[in-house]
Amino acid sequence: QQYLIANPGGTPIPGAAPILSCVFSSDGHRLLCGDQNGRIRIFDVPTRQQLVSMEIAPGRPINSLAFTPDNTYFAVTVGIRIEFWRSGIN
C-alpha cells in the first residue's frame with residue numbers, strides 16, 4: 001500500500017492528522033492538502049515528497065482549498081473564514 005502523505009519508503013508521516021480536503025495545482029505537479037488540525041501540506045506529486053508543512057489554523061479543520069490558476073496563491077476555508085496564502089511553489 002502506498003501513502004501519498006508519507007516519508008520516503010511509504011511510511012506515514014508521524015502525527016499527521018486525518019486529511020479533510022485536497023486539490024491539485026493546475027499543472028498537476030503539486031497537491032495541497034488540509035487536515036482536521038489546521039495544517040496544510042504541499043506535495044510534489046511525481047516524487048511524493050512533502051515540500052511545505054504549515055499550521056495555519058491551529059486546532060481548526062481546513063474545510064476546503066483552491067489554487068489560483070497560476071498556482072501563486074491558494075485559498076483556504078476555516079469555519080466561515082476564507083484566507084489567501086502565497087504558495088511559494090512556482
Side-chain angles (χ1 to χ4, degrees):
Q1 181 177 15
Q2 290 289 324
Y3 295 90
L4 183 59
I5 300 179
N7 292 308
T11 58
I13 295 172
I19 299 299
L20 300 179
S21 183
C22 286
V23 64
F24 284 97
S25 61
S26 61
D27 62 7
H29 289 131
R30 303 291 188 261
L31 179 66
L32 171 63
C33 297
D35 71 23
Q36 73 178 14
N37 292 337
R39 179 172 294 278
I40 62 100
R41 297 174 194 270
I42 300 176
F43 295 90
D44 180 73
V45 174
T47 66
R48 297 185 176 203
Q49 296 296 307
Q50 180 177 286
L51 304 175
V52 174
S53 176
M54 186 170 56
E55 190 174 47
I56 62 173
R60 303 199 56 205
I62 304 293
N63 299 317
S64 61
L65 306 158
F67 276 109
T68 56
D70 66 357
N71 303 319
T72 302
Y73 295 92
F74 61 88
V76 176
T77 61
V78 179
I80 60 170
R81 231 177 44 230
I82 300 172
E83 298 180 5
F84 295 91
W85 294 79
R86 179 177 280 286
S87 68
I89 63 168
N90 284 348

Inter-residue atom distance F67.CZ - I42.CD1, 0.5 Å rounding: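 If I round to the nearest 0.5 Å, the distance is 5.0 Å.
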T77: side chain to side chain donor-acceptor pair (under 3.5 Å) partners, not counting sequence neighbours: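 Residues passing side chain to side chain donor-acceptor pair (under 3.5 Å) with T77: S64.
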Cluster overlap M54 with V23, hydrophobic side-chain contacts below 4.5 Å: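 Yes: a chain of side-chain contacts under 4.5 Å links M54 to V23.
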Shared hydrophobic cluster for L20 and F43 (ILVMFWY, side-chain gaps under 4.5 Å): no
Can you give me the closest heavy-atom contact between [X] and [Y], atom names plus distance?
X: I82; Y: A75; answer: CG2-CB, 4.5 Å
X: N63; Y: G79; answer: ND2-N, 3.0 Å
X: N37; Y: A17; answer: ND2-CB, 3.2 Å
X: F74; Y: R86; answer: CE2-O, 4.1 Å
X: V76; Y: L65; answer: CG2-CD2, 3.7 Å

Option passing side chain to side chain contact (heavy atoms under 4.5 Å, CB included) with I62 (candidates I19, L32, I56): I56
Residues D44, R30; criterion side chain to side chain contact (heavy atoms under 4.5 Å, CB included); working and verdict: CA-CA 5 Å; D44 180 73; R30 303 291 188 261; 2.5 Å; yes
Heavy-atom donor-acceptor pair, S21 side chain to G34 backbone, under 3.5 Å: no
